[in-house]
Amino acid sequence: MPLDLRPDVSTSDAPLLSLTGVTKTFPGVRALSNVSLNLHPGKVTALVGENGAGKSTVVKVLTGIYQPDEGDIRVDGRPVRFPTPQYAESAGVTAIHQETVLFDELSVAENIFLGHAPKGRFGLIDTATMNSNAAEILSGLGAKIDPGTTLKELGTANKHLVAIARALSVDARVVIMDEPTAALSHTEIEELYELVEGLKAQGKAILFISHKFDEIFRIADDYTVFRDGQMIGEGAIANVSEAELVKMMVGRDVSQIFPERDRQLGDKVLDVQGYEHPTEFADISFTLRRGEILGFYGLVGAGRSEFMQALFGTTLPSAGEVWIDGASITIRSPADAVSHGIVYVPEDRGKQGAIGALPIFQNVTLPSLARTSQKGFLRLAEEFKLAREYSERLDLRAASLDTHVGNLSGGNQQKVVIAKWLATEPKVIILDEPTKGIDIGSKAAVHEFMAELAAQGLAVIMVSSEIPEIVGMSDRVIVMREGRIAAELDRDNITPETLVSYAAGISETSS
């Protein structure tokens, strides 16, 4: 159904949806402890907290994936139960998740209306109406996407817009947005803000989960802070400062996000010349030294991740050469890359980085089985020892190393992926959006660890869309635009203005 942005006539200040005294326990972990949450019509409530604070669990309670052990859920003041996601959806609760759950082999329209497609005669799906309605919703989002396109043909940003369109295709009264801007460009983020304002005008209650404080203070009316599964505080966003929110989130002051570093660069370890792909990137050349953090910046579609995947052997280049420690190497697979000391922590940790159905210790040791086996037999004690070493170094928070990775928060899943590759003792580590979707406390921990790795002589490539991260962590930055290097900036010339100018094509290419 098309998105209706007409104002709602309701003016009630009572919560549209509320949680009271909700507790949820898993084996060995109390994810939520007596938490409360109030969502009001026509308002955006920002839910803030570190990874592991309970945000994802409360979203799953609200959407019927989990049922609380204790406590009440009320809609319009009436107690309700959501035994399945379908019950939650029928009550008008819909969610746009951080990790989109879509189907690559279906069309865009089929993904949007999956489970509630319009029917025609004999109960068959009315494809024409479905495509028309999908086009109307996408148009309302400012998305130029053909509803008949197969989803797998779209990039990450457009897939995220399809997920938003799917959430808006039901008659939602409560809209949950979990890191909705993570894969969007600046223009698409602005369009999302306009959409949120329209939903507010309709009288919808919006729960907005983000780790980006500029977004929270730009769009939220109210805030609720979770820490360690408990509700710490709530109120109007106008009455709280960023520093106060951070202190509530982490229980301490976090004044220095980016660590001070003694930047001592060593010999050249990686040399890439003339790397090309027929459709994704062209003429990528650069060098990397031991102890260096080389940032890669660019707008969505610049080709950064595509190049990194080719350098790791996930895809094959059409031209180019690579040298490690002065020796020419050939990379035709990830196994080749790992054998030469190049590892890659991908942006999409859910699909490419970890195996959710396996426990932490098996994920961490998977690429290092030669170190944890003897005569073809795995040694469990050695696996646990190796996994424990790197889990502790990254401050990975879990009940035990037997915990399945799929049950961890996004930030802790990211730490598992980083630990997995560090255990291979690489020469070059590629971190693709290393702090995407993780909280400010975990970001600080990842930044500290990156600084520690560089200090130990590891060469680090960091792909990031967050300008403060690029400016704060990089020794040198390569800016990409439309699959090519637009600029190479040394430490003294890395500023937000120069990064954006080169990425947007405002400045001429320089090196």
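These numbers come from a predicted model, not from an experiment.
Between Met177 and Leu199 there is a side-chain heavy-atom pair separated by less than 4.5 Å. With contacts defined as side-chain heavy-atom distances shorter than 4.5 Å, the pair Phe217/Glu242 qualifies. The shortest distance between side-chain heavy atoms of Val174 and Leu16 falls below 4.5 Å. With contacts defined as side-chain heavy-atom distances shorter than 4.5 Å, the pair Ile209/Val59 qualifies. Counting heavy atoms from C-beta on, the side chains of Ile470 and Ile467 never come closer than 4.5 Å. Between Leu114 and Leu106, some side-chain heavy-atom pair lies under the 4.5 Å cut-off. Taking 4.5 Å as the limit, every side-chain heavy atom of Ser18 sits out of range of all side-chain heavy atoms of Leu37. Proximity of Val58 to Val22: side-chain heavy atoms (C-beta onward) are nowhere separated by under 4.5 Å.
Side-chain contact check for Ser210 and Glu215: at least one donor-acceptor pair (N or O, by modelled atom type) lies under 3.5 Å. For Ser465 and Glu433, the side-chain atoms include at least one donor-acceptor pair closer than 3.5 Å. Between the side chains of Ser139 and Glu136, no donor-acceptor pair is found at a separation under 3.5 Å. A donor-acceptor contact closer than 3.5 angstrom links the side chains of Thr435 and Glu469. Side-chain contact of His40 with Thr45: a donor-acceptor pair under 3.5 Å is absent, judged by distance alone. Between the side chains of Ser305 and Asp432, a donor-acceptor pair is found at a separation under 3.5 Å. Looking at Thr498 and Thr495, their side chains do bring a donor and an acceptor atom within 3.5 Å of each other. Side chains of Arg166 and Thr94: a donor-acceptor N/O pair is absent below 3.5 angstrom, by distance only.
For the pair Arg81 and Asp72, the salt-bridge criterion is not met [side-chain N within less than 4.0 Å of a carboxylate O]. Taking a cutoff of 4.0 Å between a charged side-chain nitrogen and a carboxylate oxygen, Arg218 and Glu190 qualify as a salt bridge.
Between Phe296 and Phe307, the ring planes are parallel. Angles under 30° get that label, and only those over 60° would be called perpendicular.
A pairwise comparison of heavy atoms in Thr84 and Gln67 identifies N-NE2, 4.3 Å as the closest pair. Between Ile284 and Gly483, the shortest heavy-atom distance links the atoms CD1-O, 3.8 Å. Here the shortest heavy-atom pairing between Ala95 and Thr63 reads CB-CG2, 3.7 Å. Taking all atoms of both residues into account, the shortest heavy-atom contact from Arg227 to Met248 is NH1-O, 2.7 Å. When all heavy atoms are compared, the tightest approach of Ser474 to Met462 is OG-CE, 3.6 Å. Across Ala503 and Tyr297, no two heavy atoms sit closer than the pair CB-CE2, 3.7 Å.
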Practice task
Please assess Phe26 against Tyr66 for the test ring-ring contact (aromatic ring centres under 6.0 Å, His included), listing each intermediate value before the final yes or no.
Solution key: CA-CA 11 Å; Phe26 300 99; Tyr66 294 157; 5.0 Å; yes

Problem - Working for side-chain contact (heavy atoms from CB on, under 4.5 Å), residues Met450 and Val446 - result: CA-CA 6 Å; Met450 286 172 60; Val446 171; 4.1 Å; yes

Practice task
Tell me, with the steps shown, if Ile461 and Leu431 meet side-chain contact (heavy atoms from CB on, under 4.5 Å).
Solution key: CA-CA 6 Å; Ile461 296 176; Leu431 302 172; over 6 Å; no

Exercise for the section: Begin with the C-alpha distance, continue with both residues' side-chain angles, and end with the deciding distance and a verdict on side chain to side chain donor-acceptor pair (under 3.5 Å) for His277 and Thr315. Expected result: CA-CA 9 Å; His277 185 279; Thr315 58; 5.0 Å; no

Problem - Residues Leu62, Leu207; criterion side-chain contact (heavy atoms from CB on, under 4.5 Å); working and verdict - result: CA-CA 11 Å; Leu62 288 172; Leu207 182 64; 3.9 Å; yes

Exercise for the section: Determine, step by step, whether Lys159 and Asp104 satisfy the salt bridge (Lys or Arg N to Asp or Glu O under 4.0 Å) criterion, reporting the C-alpha distance in whole Å, the side-chain angles of both residues, the deciding distance to 0.1 Å, and the verdict. Expected result: CA-CA 9 Å; Lys159 285 182 180 180; Asp104 281 345; 3.3 Å; yes

Practice task
Take Val225 and Leu245 through the test side-chain contact (heavy atoms from CB on, under 4.5 Å) and record every step on the way to the result.
Solution key: CA-CA 8 Å; Val225 179; Leu245 272 185; 3.6 Å; yes

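Separating the CD1 atom in Ile73 from the OG1 atom in Thr20 is a distance of 10.0 Å, to the nearest 0.5 Å. Taken from CZ in Phe281 to CE in Met308, the straight-line distance is 9.5 Å, to the nearest 0.5 Å. With rounding to the nearest 0.5 angstrom, the CD atom of Gln309 is 12.0 Å from the CG atom of Leu316. Annotation: the span from Glu234 atom CD to Ser36 atom OG amounts to 7.5 Å, rounded to 0.5 Å. The distance from the CG atom of Leu151 to the CD atom of Glu105 is 9.5 Å, given to the nearest 0.5 Å. Atom CG of Asn38 sits about 8.0 Å away from atom CE of Met231, to the nearest 0.5 Å.
Aromatic ring centroids of Phe208 and Tyr223 lie 6.0 Å or more apart.
Every residue was checked against the side-chain contact (heavy atoms from CB on, under 4.5 Å) condition with Ser132, not counting sequence neighbours, and none meets it. A search for side-chain contact (heavy atoms from CB on, under 4.5 Å) contacts involving Asp283 returns Glu276, Ser285, Arg484, not counting sequence neighbours.
Of the possible donor and acceptor atoms, one in the side chain of Asn111 sits under 3.5 Å from a partner among the backbone N and O of Ser107. Not one N or O on the side chain of Asp228 forms a donor-acceptor pair closer than 3.5 Å with the backbone of Ala53. Not a single donor-acceptor pair under 3.5 Å links the side chain of Arg173 to the backbone N or O of Leu17. Judged by distance alone, with hydrogens and angles left aside, the side-chain atoms of Lys43 form no donor-acceptor pair with the main-chain N or O of Lys200 at under 3.5 Å. When atom types are taken as modelled, the side chain of Thr129 and the backbone of Pro118 share no donor-acceptor pair closer than 3.5 angstrom. A donor-acceptor pair under 3.5 Å is absent between the side-chain atoms of Thr150 and the main chain of Lys152, judged by distance alone. Under the 3.5 Å distance criterion, the side-chain polar atoms of Ser90 are matched with a main-chain donor or acceptor of Tyr87. A distance-only check finds no donor-acceptor pair linking the side chain of Lys204 to the backbone of Gly42 [under 3.5 Å].
In summary, of the residues considered (Asp146, Leu138, Asn131), a side chain to side chain contact (heavy atoms under 4.5 Å, CB included) with Val108 occurs for Leu138 alone.
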